[in-house]
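What follows is a single structure, written as structure tokens, with notes after it.
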Amino acid sequence: MIKPLDKTTCTGNPQTPPLRLLAWETTRRCNLACAHCRAAAGMGPYEGELTTAEGKALLDDVAGMGPAVIILTGGEPLLRKDIFELAAYGAGLGHRMVMAVNGTLLTPEIARRLKEANIQRLSISLDGASAASHDRLRQVPGAFDAALHGIKVLQEAGLPFQINTTVIVANRNELPAIYDLAQKLGAAAHHVFVLVPTGRGEQIKDQLLSAEDYEETLCWLLARQREGRLHIKPTCAPQYYRLWRQDAAARGEKISPLTHGMEAMTKGCLGGQGFAFVSYRGVVQPCGYLELPAGDIRQQAFSRIWVESPLFAALRHLEGYHGKCSRCEYRKVCGGCRARAYALTGDVLGDEPLCLYEPRNAS
């Protein structure tokens, strides 16, 4: 029998941060074939998917650590037949259950079942402000119109949703239009992802923003966040939290660069530091974009992996990072994207490849 750690051990160790968010890749099956997909997901089949019982055991184990935000993701989670049962079970344990879908499979009946299962929010990706640009990246004609229809279904059901956008060279100039569309559609938030070239994304490395365009894009997002019209959350973009502090300092606001001053879910890189990912086969990773195993829940309980994984320990020891990230005064609020560092340099503790900033402590 796999033995979890007790709650006191999981939360009482000062070296172990509390788990805030867990993304579970409930399936790798997907009805789209997105060019930037970190999982290179398709219709499969994919052998070894966690069973319903194994999924519930994972949710039980995490509940023993304290309730968390559970992101049911994929692939396309709506292709999993027991997804409503799993969502309801997690909600019954006190977890905040949310779901990442592509929107194309949503119907009034599915929306009703999602609401009954107590899903608190859904995310739907729009990677373009028009069918031409969105469908080009999603690689399925009609994906844009189907996603908009899915959003309409959620609106009519009274289910909150957010818009997710992956920014690449091809759609960067469309970001303002996508942001305006998210507001027009009534989204609760706009989460903007910066490409990490893993999975199929490795085939479009040429679409990765330059360091200069990356910083300019983050500054644009910060300005929109300051306006307060729609909640903005850059993801896989930890330098945003350095820029936030630099902007605050320029405004005369007193914020220490060494403490994030925000809840843990909104600091920079969260991989292994408040956030973890469980693959469809039960492999634990720091995040979905960082394909380095921290453990396997079929061999060891997630709660033990969270506390005992050497990989997680290394990611939490910021002073052990390499290069300028180790001496940067913003390392506790940024940390650099560990997945992008690994994908582009092979060094998970190395410098963030897209960071322009030079630390004050140059030694």
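By the criterion of side-chain heavy atoms lying less than 4.5 angstrom apart, applied directly or through intervening Ile, Leu, Val, Met, Phe, Trp or Tyr residues, I83 is grouped together with L93 in one hydrophobic cluster. L79 and L50 fall within the same hydrophobic cluster, where Ile, Leu, Val, Met, Phe, Trp and Tyr residues are linked whenever their side-chain heavy atoms come under 4.5 Å apart, directly or through other members. In the hydrophobic clustering of this structure, L59 groups with I119; members are Ile, Leu, Val, Met, Phe, Trp, Tyr whose side-chain heavy atoms approach within less than 4.5 Å, directly or through other members. By the rule that hydrophobic residues join a cluster once side-chain heavy atoms approach within less than 4.5 Å of another member, V333 and W244 end up as members of one cluster. Residues F193 and L221 do not share a hydrophobic cluster, clusters being chains of Ile/Leu/Val/Met/Phe/Trp/Tyr side chains in contact below 4.5 Å.
Between V169 and L208, the closest side-chain pair of non-hydrogen atoms is not below 4.5 Å. Between R340 and C236 there is a side-chain heavy-atom pair separated by less than 4.5 Å. Inter-residue side-chain proximity for L209 and L195 is flagged as unmet; no heavy-atom pair is nearer than 4.5 Å. Proximity of L105 to N31: side-chain heavy atoms (C-beta onward) are separated by under 4.5 Å at one or more points. Annotation: side chain of T16 is not in contact with side chain of F312 (no heavy-atom distance under 4.5 Å). Inter-residue side-chain proximity for R224 and W220 is flagged as met; some heavy-atom pair is nearer than 4.5 Å. In this structure, L78 and L106 have side chains that are in contact, with non-hydrogen atoms separated by less than 4.5 Å. Contact annotation: the side chain of P17 approaches that of R316 to within less than 4.5 Å [non-hydrogen atoms, C-beta and beyond].
The existence of a salt bridge linking R136 and D127 is excluded, since no basic side-chain nitrogen approaches an acidic carboxylate oxygen closer than 4.0 Å. Under 4.0 Å is where a charged nitrogen must lie from a carboxylate oxygen, and between R172 and E216 at least one such pair does. Using a 4.0 Å cut-off between a side-chain N of Lys or Arg and a carboxylate O of Asp or Glu, E358 and K324 qualify as a salt bridge.
Here the shortest heavy-atom pairing between L154 and F161 reads CD1-CB, 3.8 Å. Between A143 and T104, the shortest heavy-atom contact is O-CG2, 4.0 Å. What you find for L159 and A111 is that their closest heavy atoms are CD1-O, 3.5 Å. In this structure, P286 and L311 approach most closely via the heavy-atom pair CG-CD2, 3.7 Å. Scanning all heavy atoms of the two residues, the minimum distance from G350 to C325 falls at O-SG, 4.2 Å. Of all heavy-atom pairs spanning G94 and P67, the tightest one is O-CB, 3.3 Å.
How far CG of D135 is from CZ of F144: 8.0 Å, rounded to the nearest 0.5 Å. Distance CD/E156 to NZ/K152: 5.5 Å, rounded to 0.5 Å. Taking CD1 of I71 as the start and CH2 of W24 as the end, the distance is 13.5 Å to the nearest 0.5 Å. Taking OH from Y89 and CG from L58, the interatomic distance works out to 10.5 Å, rounded to the nearest 0.5 Å. The structure places NE2 of H36 at 10.0 Å from CD of Q139, a figure rounded to the nearest 0.5 Å. Here the straight-line distance linking atom SG of C37 with atom CZ of R138 works out to 8.5 Å at 0.5 Å rounding.
Y240 pairs with exactly one of Q225, E215, K233 by the side-chain contact (heavy atoms from CB on, under 4.5 Å) rule, that one being Q225. Checked options N164, L126, T165; the residue passing with H190 is T165 (criterion: side-chain contact (heavy atoms from CB on, under 4.5 Å)).
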Open item on the list: Applying side-chain hydrogen bond (donor to acceptor under 3.5 Å, both in side chains) to Y46 and E25, what does each step give before you reach the verdict?
Closed with: CA-CA 12 Å; Y46 296 95; E25 182 188 45; over 6 Å; no
Open item on the list: Determine whether R112 and E109 satisfy the following criterion, salt bridge (Lys or Arg N to Asp or Glu O under 4.0 Å), listing intermediate values before the conclusion.
Closed with: CA-CA 5 Å; R112 180 188 65 79; E109 172 63 14; 2.5 Å; yes
TODO: Would you please test I168 and V194 for side chain to side chain contact (heavy atoms under 4.5 Å, CB included) and show each step?
DONE: CA-CA 7 Å; I168 58 175; V194 177; over 6 Å; no
Open item on the list: Pair R29, E76 - check salt bridge (Lys or Arg N to Asp or Glu O under 4.0 Å), show working.
Closed with: CA-CA 6 Å; R29 288 170 289 154; E76 171 52 62; over 6 Å; no
- [ ] Check step by step if side chain to side chain contact (heavy atoms under 4.5 Å, CB included) holds for E174 and S133.
- [x] CA-CA 9 Å; E174 278 194 82; S133 54; 2.9 Å; yes
- [ ] Apply salt bridge (Lys or Arg N to Asp or Glu O under 4.0 Å) to D247 and R226, showing your working.
- [x] CA-CA 10 Å; D247 182 63; R226 287 279 190 184; 3.0 Å; yes
TODO: With side chain to side chain contact (heavy atoms under 4.5 Å, CB included) as the test, would you mind laying out the steps for L19 and V62 before giving the verdict?
DONE: CA-CA 8 Å; L19 178 72; V62 173; 3.7 Å; yes
Open item on the list: For a side chain to side chain contact (heavy atoms under 4.5 Å, CB included) check, start with the C-alpha distance between K56 and L86, then their side-chain angles and the critical distance, and finish with the verdict.
Closed with: CA-CA 7 Å; K56 288 182 176 180; L86 291 167; 4.0 Å; yes
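T27 and E49 are linked by a side-chain donor-acceptor pair at a separation below 3.5 angstrom, with hydrogens and angles left out of the test. No side-chain N or O of D351 forms a donor-acceptor pair with one of Y321 less than 3.5 Å apart. Under 3.5 Å, the side chains of E116 and N118 contain no donor-acceptor pair of N or O atoms.
Remark: the backbone N or O of I305 is not paired with any side-chain donor or acceptor of E308 at under 3.5 angstrom. Looking only at distances, no side-chain donor or acceptor of Q285 sits under 3.5 Å from a matching main-chain atom of L292. Side chain of R28 to backbone of G75: no donor-acceptor contact under 3.5 angstrom is found. Of the possible donor and acceptor atoms, none in the side chain of T345 sits under 3.5 Å from a partner among the backbone N and O of Y342. Judged by distance alone, the side chain of D347 and the main-chain N or O of L349 form a donor-acceptor pair under 3.5 Å. Of the possible donor and acceptor atoms, one in the side chain of H95 sits under 3.5 Å from a partner among the backbone N and O of A68. For the pair R331 (side chain) and C328 (backbone), a donor-acceptor distance under 3.5 Å is present. Between the side chain of K115 and the main chain of A157, a donor-acceptor pair closer than 3.5 Å is present. A donor-acceptor pair under 3.5 Å is formed between the side chain of R338 and the backbone N or O of V348. No side-chain donor-acceptor contact under 3.5 Å links Q239 to the backbone of G336.
Aromatic ring centres of Y330 and Y241 lie farther apart than the 6.0 Å criterion allows.
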